[in-house]
Amino acid sequence: MSQTAKLKVYVIYIEFESAQLPFKPDKNMSTVTSLVTSPTTHFHRTTTTTLTTIKPPHFTPKNHRKTPPKMSLNTQTPVQLLTSVTKFIFGKSLPPQLLISTVRTSWSTLWLLMMSQLAPSDPSGSYTRPTSQFLKPKLSNLNQMSLHLYAALPCPWAHRTLIVRALKGLEHVVPVSIASPGLDGSWVFKENENGIPGRDKTGQERDRLMPTRDKVSGVGTVREVYKMRKGGYDGRCTVPMLWDVVNKEVVCNESYDIIELLNSGFNDVARCPDLDLCPVELKGKIEEWNGVIYPNINNGVYRCGFAQSQEAYDTAVNELFSALDKVDDHLKGSRYLCGDKLTLADVCLFTTLIRFDLVYNVMFKCTKKKVVEYPSLHGYMRDIYQIPGVAETCNLEAMMDGYYKFLFPLNPGNIRPIMPTGSHHETLLQSHNRESLSTSQQSEQVLVS
């Protein structure tokens, strides 16, 4: 059988066997019509290609068979089926150039379609983060005891809120429901897959946050929570999200507004009311650092990973590592960004740093250096990780799974790489010796231009 004929058989087998469609081809079927994107275009047009096929052995009438078939493809798993069909068609040779170019073009087109929804970009291909629709509310309009936080463990923006909630001692005031990434890109609710709260996949006991059900309404997705608000909702259903349980209303879904609210709006009921992560005397420095950290580091890693052109990626990655170099240089003489005190700026930087070597360095192509290669940054990250309450918010395995297992456009194989040694829980608990910087005269320097 010629390669062309075998390729036609391949199309039949893949479309009707591997895809497991609810119907089977008629024995007399001799053509299959499919839409194939023209290799010379992207979105402008599609062409209809009709492939005249030679009936594969599976559909050959019994009286034409000389010997019984050696295997039944219907009983094979999808992977076994594809392996068998590929060996039958191509043998030891590479697939035809037509197949490779068609699949490549089709995947590139689908990738652009998915990325346009997942990560919208400007005309240059640079990622443009959508703005939040529910911004900081007035404190006078809030009923403290009716608020519920929705978060997710892989998300760095949601992680900010979990850390501030823990540091301020608000667990008893602001309950939390923790969603997990779904296969369709949405946030869904499911109990801890291990069935043992506080344990990781190896069975190691650790007091840390785990995925939960929706503790308020028992719905299956975050989208369903948003839709319960008066008038409904059809926009982006993001986490973190602060929900008014009594009025069934979204209070806020902008992460920085939420952590400001948690820092100052609940001191009368917080277990740590004296902790102020945004003191008035440091507010200017905090805003200064946020002006460097947010666009170049927090959002910068996403600008690298979601870049849709080489030029956009080059710009983003250069700005990312320029900012990391600046921060590392500053932290050589200062325990935290604004001196001796931990602030909201540190919380925002930490949630990106803790994910950097785990995810962003590999999956988002932030490959110039790892955080572990920055002595000051890595020590600073360990310092914050060891603050009581912070490590419990860092589910490192869930962070990795949330990206590698579910962010399909960037990792189609869903293979999660091994965790780097520098990010192990045991490594993060190693001594950092950064307390010695607290009395340094250099601790008041801020190198933000």
Side-chain angles (χ1 to χ4, degrees), residues 37-44 101 103-133 154-160 181 185 235-236 238 254-256 289-328 348-349 351-371 373-374 377 399-400 402-415 417 448-449:
T37 305
S38 171
T40 59
T41 62
H42 291 287
F43 296 98
H44 302 299
S101 62
V103 170
R104 181 187 180 94
T105 303
S106 299
W107 167 244
S108 296
T109 301
L110 290 173
W111 182 81
L112 287 171
L113 286 170
M114 287 188 289
M115 290 296 288
S116 68
Q117 296 298 314
L118 172 70
S121 63
D122 63 21
S124 71
S126 298
Y127 170 56
T128 304
R129 182 172 293 278
T131 57
S132 300
Q133 297 190 33
C155 175
W157 317 100
H159 194 186
R160 299 174 172 187
R236 296 177 72 248
T238 60
E254 168 51 53
S255 64
Y256 200 83
W289 275 116
N290 283 339
V292 173
I293 293 167
Y294 172 76
N296 301 307
I297 300 177
N298 295 150
N299 199 44
V301 293
Y302 286 88
R303 290 170 55 217
C304 293
F306 292 162
Q308 297 180 38
S309 71
Q310 186 66 51
E311 294 74 17
Y313 167 78
D314 290 343
T315 298
V317 78
N318 287 331
E319 291 175 354
L320 166 64
F321 283 98
S322 176
L324 287 174
D325 289 342
K326 176 180 288 189
V327 173
D328 183 68
C348 293
L349 177 58
T351 59
T352 296
L353 293 182
I354 197 69
R355 289 163 174 78
F356 198 92
D357 293 359
L358 290 174
V359 178
Y360 304 139
N361 175 261
V362 178
M363 192 172 182
F364 283 20
K365 307 180 187 71
C366 304
T367 49
K368 184 177 179 180
K369 291 178 71 174
K370 295 181 178 180
V371 169
E373 297 177 60
Y374 287 98
L377 269 179
M399 289 178 192
M400 294 188 74
Y403 289 90
Y404 291 109
K405 298 287 188 181
F406 295 95
L407 198 50
F408 172 74
L410 297 188
N411 190 35
N414 295 335
I415 297 173
V448 183
S449 58

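Because the structure is a prediction, the values reported are computed rather than measured. Basis for what follows: all heavy atoms, side chains included, without hydrogens, waters or symmetry-related copies.
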What distance do [X] atom [atom1] and [Y] atom [atom2] have between them, rounded to the nearest 0.5 Å?
X: K370; Y: L377; atom1: NZ; atom2: CG; result: 15.0 Å
X: M363; Y: M400; atom1: CE; atom2: CE; result: 10.5 Å
X: Y313; Y: C366; atom1: OH; atom2: SG; result: 6.5 Å
X: H159; Y: M399; atom1: NE2; atom2: CE; result: 4.5 Å
X: N361; Y: F356; atom1: CG; atom2: CZ; result: 6.0 Å

Are [X] and [Y] close enough that some pair of their side-chain heavy atoms sits under 4.5 Å apart?
X: K365; Y: V317; answer: no
X: Y360; Y: C304; answer: no
X: L410; Y: Y404; answer: no
X: T315; Y: R303; answer: yes
X: T352; Y: I293; answer: no
X: K369; Y: L324; answer: no
X: W289; Y: L349; answer: no

For this session: Under the side chain to side chain contact (heavy atoms under 4.5 Å, CB included) rule, what do Y256 and N298 come out as? Steps first, then yes or no, please.
Result: CA-CA 12 Å; Y256 200 83; N298 295 150; over 6 Å; no
Exercise. Can you check whether L320's main-chain N or O pairs, donor with acceptor, with N296's side chain at less than 3.5 Å?
Worked result: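 Looks like no, no N/O pair under 3.5 Å.
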Exercise. Would you say D314's side chain and N318's backbone share a donor-acceptor pair under 3.5 angstrom?
Worked result: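 Checked: no pair found.
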Exercise. Which word best sums up how the rings of Y403 and F364 line up, parallel for under 30°, tilted for 30 to 60°, or perpendicular for over 60°?
Worked result: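 It falls in the perpendicular class, over 60°.
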Shortest non-hydrogen separation from [X] to [Y] and the atoms involved:
X: P154; Y: P181; value: CG-CD, 4.2 Å
X: P295; Y: V292; value: CD-O, 3.8 Å
X: R355; Y: C155; value: NH2-O, 3.5 Å

